[in-house]
Amino acid sequence: MAQLIIFDMEWNMGYQPKTFRYKDTEQTLRGEIIQIGAVKMEGQEIRDTFRVTLKPRIFRKLHHHVAKVTGLTQEEINRGLPIAEGLEKFRDWCGPDAALGEWGLDDVPVLKQNLVLNGLDESWPRCWYDMQRVYTSQKPRGEGESMMLENVVERLGIPKDEAFHDALADAVYTAKVCQFIDIAKGLADYPDEAGMLHELLCPKDRVRQDFKSWAGYVDGESWLTDPELRGAVCLECKKPLELDADNVWLRRGNNCMYSMGVCPQHGQQLIWLRRSRSDGLHYTFARAVETANVELSAKWKKEKKAALERTRRKREREAAEAMLRVKNAGR
């Protein structure tokens with residue numbers, strides 16, 4: 001098994017959004033790293049620690065909310081290592097083949113974006129884990145239980161010797177939480193991104209089949225334009241499904257959309273699409289198909305009608321606003 005590094009980061013944010021270009025696609029910067037803390041694990045034991053404060057070059061002024069949460073000061077980050085140097089130091093300490101673990105999945109996307117902005121190799125790390133997921137796979141969350149790191153630490157009776165929201169302290173707390181489980185088994189059982197999408201897109205209470213996934217997309221809206229992602233086939237005869245005549249795709253949250261396909265021989269079938277972006281730079285898309293029974297067909301018809309009505313009202317409102325602007329401009 002690769003060397004496991006459990007890490008945590010704190011990052012600064014701007015008072016105005018910041019975008020950057022990655023492979024000809026505009027991305028929004030989630031934050032600029034100002035502190036990294038990490039521990040090296042050997043089995044269940046902590047063998048080494050790492051800590052560095054970084055001097056940002058984009059969001060140079062410490063945001064008041066970040067200062068309040070972390071306790072860091074403007075003077076401390078001004079004295080930090082230049083961010084590119086600090087990132088290289090962290091990567092060298094980890095080693096090129098290390099696997100990173102974090103509590104949740106917020107830090108690796110920020111890390112990858114910061115590597116890009118500082119001209120460093122964003123293909124590292126190649127392997128990372130959500131240690132909260134690893135933990136709950138063996139100790140399922142109880143009803144009403146918070147999975148915030150501080151709450152879990154308190155439930156387990158781990159001494160709270162250091163303040164939370166310090167990168168090294170949070171990394172150590174995460175490592176201590178994971179000492180209550182079989183880490184090796186948790187990592188061995190950990191699904192890849194396609195496996196996670198399969199869990200989300202094909203829940204046990206629904207019969208969705210023909211699951212497929214595609215990784216490496218930079219454009220998060222590729223599901224609107226790439227015919228391969230929408231090109232589902234009939235579950236029975238494997239012939240291409242005819243897509244909704246009105247080209248209606250309904251959104252379910254930010255990362256799921258669906259439409260109705262029709263097979264002339266085998267009837268209506270719902271086409272489900274889902275996306276994920278675990279590394280902060282690339283998207284993975286997945287598709288599955290579900291036979292539409294009477295209940296699902298009726299629900300689709302109702303939801304489609306409502307969506308078309310919303311679109312009609314929006315177009316009428318935009319047309320009225322455009323006419324008003326023209327009228328006002330002519331005065």
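Everything numeric here is computed off the predicted structure, so don't read it as measured data. The chain is numbered in sequence order, starting from 1.
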Which residue pairs pass the ring pair (Phe, Tyr, Trp, His ring centres under 6.0 Å) test with at least one member in residues 18-49, sequence neighbours excluded?
Y22-H282

Provide the full list of ring pair (Phe, Tyr, Trp, His ring centres under 6.0 Å) pairs with a residue in residues 137-166, sequence neighbours left out, each pair given once.
F164-Y173

Under 3.5 Å, which donor-acceptor pairs do the side chains of residues 201-209 form with other protein atoms, sequence neighbours left out?
{"residue": "R206", "atom": "NE", "partner": "E290", "partner atom": "OE2", "Å": "2.9"}
{"residue": "R206", "atom": "NH2", "partner": "E290", "partner atom": "OE1", "Å": "3.2"}
{"residue": "R206", "atom": "NH2", "partner": "E290", "partner atom": "OE2", "Å": "3.3"}
{"residue": "R208", "atom": "NE", "partner": "E290", "partner atom": "OE1", "Å": "3.2"}
{"residue": "R208", "atom": "NH1", "partner": "L201", "partner atom": "O", "Å": "2.9"}

For C256, does its backbone N or O pair with a side-chain atom of R252 as donor and acceptor, under 3.5 Å?
no

Please check if the side chain of D107 supplies one atom and the backbone of M9 the other of a donor-acceptor pair under 3.5 Å.
yes

Which pairs pass side-chain hydrogen bond (donor to acceptor under 3.5 Å, both in side chains) with one or both residues in residues 52-65, sequence neighbours excluded?
Y15-H64, R57-N118

Is there any side-chain hydrogen bond (donor to acceptor under 3.5 Å, both in side chains) pair reaching into residues 176-189, and which pairs are they, with sequence neighbours excluded?
K185-D189

Please list all pairs passing the salt bridge (Lys or Arg N to Asp or Glu O under 4.0 Å) test where one or both residues lie in residues 18-45, with sequence neighbours left out.
E42-R47

May I have all residue pairs that pass salt bridge (Lys or Arg N to Asp or Glu O under 4.0 Å) and include part of residues 192-203, sequence neighbours excluded?
R133-E199

Contacts of type salt bridge (charged side-chain N to carboxylate O under 4.0 Å, His left out), residue [X], not counting sequence neighbours:
X	result
R315	none
D279	none
E295	none
R79	none

Quick one: side chains of residues 223-231, donor-acceptor pairs under 3.5 Å with protein atoms, not counting sequence neighbours, listed by atom name and distance.
{"residue": "W223", "atom": "NE1", "partner": "E221", "partner atom": "OE1", "Å": "3.4"}
{"residue": "T225", "atom": "OG1", "partner": "S222", "partner atom": "O", "Å": "3.4"}
{"residue": "D226", "atom": "OD1", "partner": "E228", "partner atom": "N", "Å": "2.9"}
{"residue": "D226", "atom": "OD2", "partner": "Y217", "partner atom": "OH", "Å": "2.6"}
{"residue": "E228", "atom": "OE2", "partner": "W214", "partner atom": "NE1", "Å": "3.0"}
{"residue": "R230", "atom": "NE", "partner": "W223", "partner atom": "O", "Å": "2.7"}
{"residue": "R230", "atom": "NH2", "partner": "W223", "partner atom": "O", "Å": "3.2"}

